Undergrad: 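I have a structure here, written as structure tokens, and I will follow up with some questions on it.
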Amino acid sequence: MFGFYTHFVIVNKSQAIIKETLNSSSSNIANTNSSSSNDNNNNATRPFHMSYEMLISDSHSLTQSYQKEIGKWQSKQHDNKTMISVTDNYLPEFEKLVNRAESLQPTTAKYLQAKDLYIKSIQSEMGSYKHFRTFLITGNKTEDDISTQLLSNALKYEIKSFAAFNNNTVTDTDNNYSDKSFLPV
């Protein structure tokens with residue numbers, strides 16, 4: 001089976017981390033910002049942490065939805081042509097997430113770092129899907145390998161974003177990522 005199958009496991013691990021990270025942060029934040037959360041629905045006026053949480057939730061939902069389509073491809077419910085079309089439909093949705101992330105207005109240097117790392121995460125995930133699309137067209141195993149590596153990078157960036165959000169500094173060795181295997185975004 002192709003390396004892309006492992007991506008689903010990465011997504012689920014990421015969701016467990018985000019739930020733990022944001023649950024611990026949200027309980028402290030909810031008490032101080034509850035009045036502003038109901039007033040406005042745009043990134044400019046919503047507190048950064050709430051916009052960040054919503055972005056992550058939407059990102060994870062989109063990723064899960066795409067991964068379900070990958071599952072259909074793996075089980076032969078989708079052929080390559082259909083999966084290419086599905087990917088073409090999903091890529092603009094990921095681009096919208098990047099645009100939303102770019103519009104976030106962090107209030108601290110650590111929040112800025114969290115924002116920047118999350119943008120890199122989404123961009124890396126998009127890059128993964130673009131290479132996967134190329135793999136579907138060409139059958140070139142290198143494209144599948146690059147796709148897998150970029151999705152792994154997306155998880156690494158996401159974990160670092162969560163750490164920055166929580167005012168922690170994470171190094172590659174803290175996460176057993178000392179292999180320095182990031183590919184450029």
Side-chain angles (χ1 to χ4, degrees), residues 1-23 41-43 46 50-104 114-162 165 175 177 179 181-185:
M1 184 127 315
F2 299 105
F4 212 85
Y5 182 71
T6 59
H7 297 343
F8 188 71
V9 175
I10 291 171
V11 171
N12 287 334
K13 180 179 178 186
S14 173
Q15 287 176 320
I17 292 168
I18 186 60
K19 284 180 185 175
E20 178 181 319
T21 300
L22 292 180
N23 284 344
N41 230 6
N42 64 43
N43 284 343
R46 184 180 304 122
M50 293 177 70
S51 297
Y52 178 79
E53 286 182 45
M54 289 178 65
L55 175 71
I56 290 167
S57 177
D58 292 347
S59 174
H60 285 184
S61 293
L62 186 61
T63 296
Q64 277 188 326
S65 179
Y66 184 74
Q67 291 296 327
K68 285 179 184 175
E69 298 297 328
I70 294 288
K72 290 178 184 178
W73 172 77
Q74 289 172 323
S75 66
K76 309 290 187 214
Q77 294 175 19
H78 287 335
D79 61 12
N80 285 8
K81 185 177 179 181
T82 301
M83 196 63 222
I84 290 165
S85 177
V86 166
T87 301
D88 288 344
N89 290 331
Y90 272 83
L91 286 172
E93 297 305 313
F94 282 98
E95 187 62 43
K96 288 177 188 176
L97 290 175
V98 170
N99 293 338
R100 275 180 55 195
E102 288 173 343
S103 74
L104 292 177
K115 169 190 164 178
D116 291 345
L117 287 164
Y118 206 76
I119 290 169
K120 286 182 179 183
S121 175
I122 299 168
Q123 289 172 331
S124 188
E125 185 174 2
M126 282 177 43
S128 170
Y129 300 150
K130 288 176 183 178
H131 281 276
F132 179 63
R133 183 186 185 284
T134 302
F135 164 72
L136 292 169
I137 294 169
T138 66
N140 182 342
K141 176 75 171 103
T142 301
E143 291 294 329
D144 188 44
D145 293 342
I146 292 169
S147 173
T148 300
Q149 181 60 55
L150 285 169
L151 198 58
S152 176
N153 290 355
L155 175 62
K156 292 173 188 180
Y157 285 126
E158 186 176 57
I159 290 169
K160 288 181 179 211
S161 174
F162 301 160
F165 179 83
N175 281 322
Y177 297 144
D179 61 278
S181 61
F182 282 97
L183 290 175
V185 180

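Quick caveat: nothing in here was measured; it's all calculated off a predicted structure.
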Undergrad: Would you please name every residue forming a side chain to side chain donor-acceptor pair (under 3.5 Å) with N89, sequence neighbours left out?
TA: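 For N89 there are no side chain to side chain donor-acceptor pair (under 3.5 Å) partners, ignoring immediate neighbours.
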Undergrad: Checking side-chain contact (heavy atoms from CB on, under 4.5 Å) for the pair I70/F132: CA distance, chi angles, key distance, verdict?
TA: CA-CA 10 Å; I70 294 288; F132 179 63; 3.2 Å; yes
Undergrad: Is it true that a side-chain atom of T63 and a backbone atom of S59 form a donor plus acceptor pair closer than 3.5 Å?
TA: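 At least one qualifying donor-acceptor pair exists.
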Undergrad: Which value, rounded to the nearest 0.5 Å, describes the distance between K68 atom NZ and Q64 atom CD?
TA: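 Atom-to-atom, K68:NZ and Q64:CD are 6.5 Å apart.
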Undergrad: Give a yes or no answer on whether the side chain of S57 reaches the backbone of E53 with a donor-acceptor pair at less than 3.5 Å.
TA: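 No; judged by distance alone, with no hydrogens or angles, the pair does not exist.
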Undergrad: In Å, rounded to the nearest 0.5 Å, how long is the span from CG of L117 to CD1 of I122?
TA: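 One finds 11.5 Å between CG of L117 and CD1 of I122.
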Undergrad: Is there a side-chain contact between L150 and N153, using heavy atoms and a 4.5 Å cut-off?
TA: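 Yes - at least one pair of side-chain heavy atoms lies under 4.5 Å apart.
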Undergrad: My understanding is that only residues two or more places apart in sequence, or in another chain, count here; which of them pass side chain to side chain donor-acceptor pair (under 3.5 Å) with S161?
TA: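 Y52.
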Undergrad: For the atom pair OG1 (T148) and CD (E143), what is the distance rounded to the nearest 0.5 Å?
TA: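 Spacing of OG1 (T148) from CD (E143) equals 11.0 Å.
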Undergrad: Could you give the distance from NZ (K81) to CG (L136), rounded to the nearest 0.5 Å?
TA: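 CG of L136 is found 13.5 Å from NZ of K81.
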Undergrad: Would you sort out whether L104 and Y118 count as a side-chain contact (heavy atoms from CB on, under 4.5 Å), showing the intermediate values?
TA: CA-CA 11 Å; L104 292 177; Y118 206 76; over 6 Å; no
Undergrad: Taking atom CD of Q67 and atom NE2 of H60, what is their separation to the nearest 0.5 Å?
TA: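 Those atoms lie 11.5 Å apart.
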Undergrad: side-chain contact (heavy atoms from CB on, under 4.5 Å) with T82: which residues, sequence neighbours excluded?
TA: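 T82: side-chain contact (heavy atoms from CB on, under 4.5 Å) contacts with H78, D79, V86.
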Undergrad: Please evaluate residues Y90 and E69 with respect to the criterion side-chain contact (heavy atoms from CB on, under 4.5 Å), reporting the C-alpha separation (whole Å), side-chain torsions for both, the decisive distance (0.1 Å), and the verdict.
TA: CA-CA 10 Å; Y90 272 83; E69 298 297 328; 4.0 Å; yes
Undergrad: For D58, give me all partners under side-chain contact (heavy atoms from CB on, under 4.5 Å), at least two apart in sequence or on another chain.
TA: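 side-chain contact (heavy atoms from CB on, under 4.5 Å) list for D58, sorted by chain: L97, R100.
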Undergrad: Between F94 and Y129, does a side-chain contact (heavy atoms from CB on, under 4.5 Å) hold up when you go through it step by step?
TA: CA-CA 10 Å; F94 282 98; Y129 300 150; 3.5 Å; yes
Undergrad: Can you see whether Q149 engages D145 through a side-chain donor-acceptor pair at a distance of less than 3.5 angstrom?
TA: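 Side chains of Q149 and D145: no pair found under 3.5 Å.
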Undergrad: Show the nearest heavy-atom pair for residues A154 and S124, with the distance to one decimal.
TA: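 Shortest heavy-atom contact: N-OG, 3.5 Å.
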Undergrad: With sequence neighbours left out, write down each residue that passes side chain to side chain donor-acceptor pair (under 3.5 Å) with K72, or none if nothing qualifies.
TA: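 Per chain and number, K72 pairs via side chain to side chain donor-acceptor pair (under 3.5 Å) with no residue.
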Undergrad: What distance separates Q123 CD from E95 CD, expressed to the nearest 0.5 Å?
TA: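 The distance works out to 7.5 Å.
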Undergrad: Suppose the criterion is salt bridge (Lys or Arg N to Asp or Glu O under 4.0 Å): which pairs have a residue in residues 84-93, not counting sequence neighbours?
TA: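 Sorted pair list: D88-R133, E93-K96.
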Undergrad: I'd like to know if the side chain of T138 reaches the main chain of T134, judged simply by a donor and an acceptor atom lying under 3.5 Å from each other, with no hydrogens or angles considered.
TA: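 Checked: pair present.
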